[in-house]
*Asks:* 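Quick one: the structure is below, questions incoming.
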Amino acid sequence: MSCWMPRCPALSMCRGVAALPITCLERAKELKSRLGILLHKPELAHRIGTAGKLQLGSRQRDSSREVLEWRESFDQLLKSKNGVTAFHTFLKTEFSEENLDFWLACEDFKKTRSKTKLASKANRIFEEFVQSEAPREVNIDHETREITRKNLSGATSACFNEAQAKTRTLMEKDSYPRFLKSASYQDMTKQAASRGTSKRLHT
């Protein structure tokens, strides 16, 4: 069907294209040319696909190694952002996540440089986690609680050190071993081990 025929749809299309600015037509041609070049370079697509697979494989290996390292020590678990998240999820099932939240709050508190912020943060942490009948009271002895209370009068980055250490020990001796034996962590280690086996079979 040609463009001169009456009421021809192609006629409207031809007129529409003709009405476009020259720059638009030139850009369209340039884009078409570039796409053609890419389509005729299969080795480029292969390289891109291979790079993506290698990057994904590297991430999976790192993740698998990380999961297995959590059982080496409690320190290894706390050093891992994913480990802390997994442990926090487990503590929620035992209704004791306040211990980890307090430990994390203390870690953040120690990074505070402003004396004004230090004092306000110290009071907020004490009221939330340490004082008797606190909304999220951690399990520490009365003596440690009182030492921490006195430390607030001249708040420094070390004022929660003793309470934080007691809470950390409690998690390491009590919650951490149960986490390693939990079904959720066992599933993660099995998946990590199977990824490692699969990788060895394909190399």
*Asks:* Can you give me the closest heavy-atom contact between F129 and E98, atom names plus distance?
*Replies:*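 What the structure gives for the nearest pair is CE2-O, 3.7 Å.
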
*Asks:* Check whether I147 and I140 end up in the same hydrophobic cluster, where Ile, Leu, Val, Met, Phe, Trp and Tyr are linked by side-chain heavy atoms less than 4.5 Å apart.
*Replies:*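 No, separate clusters.
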
*Asks:* Report the C-alpha distance between E107 and K110 in whole Å, list the side-chain angles of each, state the deciding distance to 0.1 Å, and finish with yes or no for salt bridge (Lys or Arg N to Asp or Glu O under 4.0 Å).
*Replies:* CA-CA 5 Å; E107 287 296 289; K110 286 187 280 191; 3.0 Å; yes

*Asks:* A quick test of your reading: do over 12 heavy atoms of other residues, nucleotides or ligands sit less than 6.0 Å from CD of E72?
*Replies:*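 Correct, the count exceeds 12.
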
*Asks:* With hydrophobic residues grouped by side-chain heavy-atom distances under 4.5 Å, do L91 and M188 end up in a single group?
*Replies:*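 Per the 4.5 Å side-chain linkage, L91 and M188 are co-clustered.
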
*Asks:* Working to the nearest 0.5 Å, report the span between OG of S132 and NE2 of H142.
*Replies:*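 Interatomic distance, S132 OG to H142 NE2, rounded to 0.5 Å: 9.0 Å.
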
*Asks:* Are V67 and L78 connected in a single hydrophobic cluster, I mean Ile/Leu/Val/Met/Phe/Trp/Tyr linked by side-chain heavy atoms less than 4.5 Å apart?
*Replies:*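 Both belong to a single hydrophobic cluster.
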
*Asks:* Tell me whether the rings of F102 and F160 are parallel (<30°), tilted (30 to 60°) or perpendicular (>60°).
*Replies:*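 Judged by the thresholds at 30° and 60°, the geometry between F102 and F160 is perpendicular.
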
*Asks:* Does the side-chain contact (heavy atoms from CB on, under 4.5 Å) test come out yes or no for Y185 and F90, once each step is laid out?
*Replies:* CA-CA 9 Å; Y185 181 65; F90 168 75; over 6 Å; no

*Asks:* Measuring from atom CG of N151 to atom CZ of F126, what distance do you get when rounded to the nearest 0.5 angstrom?
*Replies:*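 Output value for this atom pair is 9.5 Å.
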
*Asks:* As an exercise, state the distance from CD of Q76 to CZ of R71, rounded to the nearest 0.5 Å.
*Replies:*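 CZ of R71 is found 12.5 Å from CD of Q76.
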
*Asks:* Looking at G83 and S80, what are the two nearest heavy atoms and their distance?
*Replies:*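 Where G83 meets S80 most closely, the heavy atoms are N-OG, 2.8 Å.
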
*Asks:* Quick one: pull up OG in S96 and CG in L170 and give me the separation to the nearest 0.5 Å.
*Replies:*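 Going from OG on S96 over to CG on L170, the span is 8.0 Å.
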
*Asks:* With a 4.0 Å cut-off on N to O distance, would you call K79 and D75 a salt bridge?
*Replies:*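 Here K79 does not pair with D75 in a salt bridge, since their nearest N and O are not under 4.0 Å apart.
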
*Asks:* In Å, rounded to the nearest 0.5 Å, how long is the span from NZ of K121 to OG of S157?
*Replies:*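 It comes to 11.5 Å.
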
*Asks:* Give, for atom NZ of K150 and atom CZ of R145, the distance between the pair rounded to the nearest 0.5 Å.
*Replies:*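 Going from NZ on K150 over to CZ on R145, the span is 14.5 Å.
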
*Asks:* Taking the side chain as everything from C-beta on, heavy atoms only, tell me whether N82 gets closer than 4.5 Å to W70.
*Replies:*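 Yes, close enough: below the 4.5 Å cut-off.
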
*Asks:* Is the ring pair F74/Y176 parallel, tilted or perpendicular, if the boundaries are 30 and 60 degrees?
*Replies:*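 Tilted.
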
*Asks:* With a 4.0 Å cut-off, would you call R136 and E128 a salt bridge?
*Replies:*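 A salt bridge links R136 with E128.
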
*Asks:* Quick one, D101 and H88 - any side-chain contact, counting heavy atoms below 4.5 Å?
*Replies:*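 Of all side-chain heavy-atom pairs linking H88 with D101, at least one is under 4.5 Å.
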
*Asks:* At their closest point, which heavy atom of Q131 faces which heavy atom of E127, and how far apart are they?
*Replies:*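 Taking every non-hydrogen atom into account, NE2-O, 3.6 Å.
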
*Asks:* Given the rule that I, L, V, M, F, W and Y join up when any side-chain heavy atoms are under 4.5 Å apart, are L77 and L68 in one cluster?
*Replies:*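 No, L77 and L68 fall in different hydrophobic clusters.
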
*Asks:* Do F109 and Q164 have side chains that approach each other closer than 4.5 Å (heavy atoms only, starting at C-beta)?
*Replies:*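 Answer no - side chains too far apart.
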
*Asks:* May I ask whether L104 and L118 are part of the same hydrophobic cluster, defined by side-chain heavy atoms of I, L, V, M, F, W, Y residues being less than 4.5 angstrom apart, directly or through others?
*Replies:*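 No, L104 and L118 fall in different hydrophobic clusters.
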
*Asks:* Report the C-alpha separation of E94 and S175 in whole Å, then their side-chain angles, then the decisive distance to 0.1 Å, and conclude whether the side-chain contact (heavy atoms from CB on, under 4.5 Å) test is met.
*Replies:* CA-CA 9 Å; E94 296 199 332; S175 304; 4.2 Å; yes

*Asks:* State which residue, out of N161, T144, T148, N99, fulfils the side chain to side chain donor-acceptor pair (under 3.5 Å) condition with K166.
*Replies:*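 So, applying the side chain to side chain donor-acceptor pair (under 3.5 Å) to K166 and each of N161, T144, T148, N99, only T144 qualifies.
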
